[in-house]
J.: 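Pasting a structure here, questions to come.
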Amino acid sequence: VPAASPIETDALIVGAGPVGLFQVFELGLLGIQAHVVDTLHCPGGQCAELYGDKPIYDIPALPVCTGQELVDRLLAQIKPLGAPLHLGHQVSMVKPRDDGRFDVQTKQGLSFISKTIFIASGAGSFEPRLLKVDGADRLAGHQLFYSVQDPAQFRNKHLVINGGTDAALDWALYFAREGPHRAASVTLIHRRDSLQAAASNIHQMQALCNAGRMKFTVGQITGLGLEGGQLTHLQITDNNAHTHPLALDALLVFLGLSPRLGPLADWGLDLERKQVLVDTEKFQTNIPGIFAVGDVNTYPGKKKLILCGFHECTLAAFGAASIVFPNQPMALQYTTSSSKLHAILGVKKLAHQPPSD
Ligand SMILES: Cc1cc2nc3c(=O)[nH]c(=O)nc-3n(C[C@H](O)[C@H](O)[C@H](O)COP(=O)(O)OP(=O)(O)OC[C@H]3O[C@@H](n4cnc5c(N)ncnc54)[C@H](O)[C@@H]3O)c2cc1C
């Protein structure tokens, strides 16, 4: 995709997990404007993706909150800083420029010029688990899809959806219901008869199946049948090892997401066991101006915990301040009492507060 004119920024954060989000806050307190990019369409990284409804007990001063609640609280905390979130974009290239800044590009066509980079890519880029059947790679993007970019392309089509989670069920229900993109037929295939989806989705599916508007089949896709290069049917093998054909126009696959190191491997960073090596003064990598925070980094004593990532963000932000504002010493200020920080955060001074600096 050709890139539009690059967005210039002080800081570019790769990853909108809990640590990438808190990095926005720590940079913001020092007056450093940031943009955030994440491959996923929702912020929150592992907290939102892997355990959104499960409790966390070790966030300081928050005795318990769910993964999603933590993400929502972080988003509320960084709201005053107005950092744009570019979701659905995977950072594919980071390259130093002659002027000391960095060129950054996303696979989907955004480009940035940034003074500093913060890699907060955690466990890696979440990518869809691929269908492991001969010939599937050649059909991807034509008749086999791992996400829905344009629902209109499935209108009036015979659609098969593979998967047993809400991601699969949400789309199955969407295309089976009356609506602008209703498919000619919808068949959901899952390897077990139990689905890992919300009860309300399962009830709606049962109602649509009873009304003859969609079908649910237990089995696995074991073959792809092509005629003249076109996918015309699938081979479905059931749990009794019986195989039968299923005709279709298009296949949507939702087998979950798996984290990958991804393009970061090619950015010239020193790595140790697929983690980015950093110092513990600034959490800077071997490339000055590129910092790495959260689960993606490693150093002696590293613990992959959210609160450790938050601490790393603080020191990395001070590290970046000397690049963004050269020759300007950055004093530590308290959010309790600094009117400068109150202005940044948009908070009003209360009458009982002590005089500030
Ligand atoms: C089940 C489970 C329970 C947990 N419970 C706890 C707990 O109780 N307490 C605790 O402290 N920790 C817990 N953790 C660990 C915690 O979730 C991680 O430490 C934390 O999510 C790390 O945050 P992060 O922001 O560094 O990375 P992540 O949360 O992994 O987020 C990284 C983000 O970067 C994005 N990304 C990666 N590469 C790119 C790229 N090239 N371009 C654009 N975006 C990219 C990814 O899509 C992802 O959204 C738990 C983890 C799991 C799996």
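Sequential numbering from 1 along the given sequence is applied to the chain's residues. The figures here come from the full heavy-atom set of this structure, side chains too, leaving out hydrogens, waters and symmetry mates. We count ligands from 1, going down the list as the structure has it; atoms in each ligand are counted the same way.
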J.: Using the six-membered ring wherever Trp is involved, compare the ring planes of His86 and His89 and label them parallel, tilted or perpendicular (cut-offs 30° and 60°).
T.: perpendicular
J.: Among protein heavy atoms, which sits nearest to atom 34 (O) of ligand 1, and what does the distance come to when rounded to 0.1 Å?
T.: Gly15 CA, 3.2 Å
J.: Pick whichever of Asp58, Val36, Val293 has a heavy atom sitting closest to atom 9 (N) of ligand 1.
T.: Asp58
J.: His89: heavy atom below 4.0 Å from ligand 1, yes or no?
T.: yes
J.: Which residue and atom name correspond to the protein heavy atom nearest atom 45 (C) of ligand 1, and how close is it?
T.: Thr39 OG1, 3.3 Å
J.: Which of these, Phe175, Tyr174, Trp171, sits in a ring pair (Phe, Tyr, Trp, His ring centres under 6.0 Å) with Phe154?
T.: Phe175
J.: As an exercise, identify every atom of ligand 1 less than 4.0 angstrom from a heavy atom of Ile56.
T.: 7 (C), 8 (O), 9 (N)
J.: Classify the ring geometry between Phe22 and Phe25 as parallel (under 30°), tilted (30 to 60°) or perpendicular (over 60°).
T.: parallel
J.: Would Gly262 count as a contact of ligand 1 if the rule is a heavy atom under 4.0 Å away?
T.: no
J.: Any atoms of ligand 1 less than 4.0 Å from a non-hydrogen atom of Val37? List them with their elements.
T.: 43 (C), 44 (N)
J.: What are the atoms of ligand 1, with element, lying closer than 4.0 Å to any heavy atom of Ala120?
T.: 32 (C), 33 (C), 34 (O)
J.: Do we see a donor-acceptor contact under 3.5 Å between the side chains of Gln68 and Asp72?
T.: yes
J.: Who's closest to atom 37 (C) of ligand 1 heavy-atom-wise, of Cys47, Gly122, Gly124, Gly44?
T.: Gly124
J.: Measure the distance from atom 39 (C) of ligand 1 to every protein heavy atom, then report the residue, atom name and distance (to 0.1 Å) of the closest one.
T.: Ser125 OG, 3.5 Å
J.: What do you reckon, does Val19 have a nitrogen or oxygen under 3.5 Å from a nitrogen or oxygen of ligand 1?
T.: yes
J.: Identify the closest protein heavy atom to atom 11 (O) of ligand 1: which residue and atom is it, and at what distance?
T.: Ile306 N, 2.9 Å
J.: For Arg155, is the CZ atom crowded, meaning more than 12 foreign heavy atoms sit under 6.0 Å from it?
T.: no
J.: Counting heavy atoms only, which of Val91, Asp295, Leu264 comes nearest to atom 19 (O) of ligand 1?
T.: Asp295
J.: Measuring from Leu139:CG to Phe145:CZ, what's the distance to the nearest 0.5 Å?
T.: 9.5 Å
J.: Compare Tyr57, Tyr51, Phe22 and give the one whose heavy atom is closest to atom 3 (C) of ligand 1.
T.: Tyr51
J.: To which protein heavy atom is atom 48 (C) of ligand 1 closest, and what is the distance rounded to 0.1 Å?
T.: Asp38 OD2, 3.4 Å
J.: Give the atom numbers and elements of ligand 1 that come within less than 4.0 Å of a heavy atom of Gly294.
T.: 26 (O)
J.: Of the choices Ser121, Gly309, Cys42, which has the non-hydrogen atom that lies closest to atom 38 (N) of ligand 1?
T.: Ser121
J.: Which option, Gln46, Gln90, Glu312, owns the non-hydrogen atom nearest atom 30 (O) of ligand 1?
T.: Gln46
J.: Atoms of ligand 1 less than 4.0 Å from Lys304 heavy atoms?
T.: 19 (O)
J.: Would Tyr146 and Phe254 count as a ring-ring contact (aromatic ring centres under 6.0 Å, His included) here? Give the steps.
T.: CA-CA 6 Å; Tyr146 293 98; Phe254 298 102; 8.6 Å; no
J.: Within a distance under 4.0 Å of any heavy atom of Pro18, pick out the atoms of ligand 1 and give their elements.
T.: 20 (C), 21 (O), 23 (O), 25 (O), 29 (O)
J.: May I ask you to check whether Ser114 and Thr9 show a side-chain donor-acceptor distance below 3.5 Å?
T.: no
J.: Is Asp103 paired with Arg97 through a side-chain N to carboxylate O contact shorter than 4.0 Å?
T.: yes
J.: Under 3.5 Å, which donor-acceptor pairs do the side chains of residues 289-310 form with other protein atoms, sequence neighbours left out?
T.:
from   : atom 1 : to     : atom 2 : distance (Å)
Asp295 : OD2    : Gln46  : NE2    : 3.1
Asn297 : OD1    : Lys302 : NZ     : 2.9
Asn297 : ND2    : Ala292 : O      : 2.9
Asn297 : ND2    : Glu312 : OE1    : 3.0
Tyr299 : OH     : Glu312 : OE2    : 2.6
Lys302 : NZ     : Gly294 : O      : 2.9
Lys302 : NZ     : Glu312 : OE1    : 3.4
Lys302 : NZ     : Glu312 : OE2    : 3.0

J.: Is Asn240 reaching over with its side chain to a backbone N or O of His242, donor-acceptor style, under 3.5 angstrom?
T.: no
J.: When you compare the side chains of Gln333 and Ser338, does any donor N or O come within less than 3.5 Å of an acceptor on the partner?
T.: yes
J.: Polar-atom distance check: Pro263 versus ligand 1, any N or O pair below 3.5 Å?
T.: no
J.: I'd like to check which ligand 1 atoms, numbered from 1 as shown, lie under 4.0 Å from a non-hydrogen atom of Ala123.
T.: 30 (O)
J.: Please confirm whether Leu307 comes within less than 3.5 Å of ligand 1 when only nitrogen or oxygen atoms on both sides are compared.
T.: no
J.: Please answer whether the main-chain N or O of Asp270 pairs with a side-chain N or O of Asn286 as donor and acceptor at a distance below 3.5 Å.
T.: yes
J.: Near Gly45, which atoms of ligand 1 are under 4.0 Å from a heavy atom of that residue?
T.: 29 (O), 31 (O), 48 (C), 49 (O)
J.: Less than 4.0 Å between a side-chain N and a carboxylate O, is that true for Glu8 and Arg101?
T.: yes
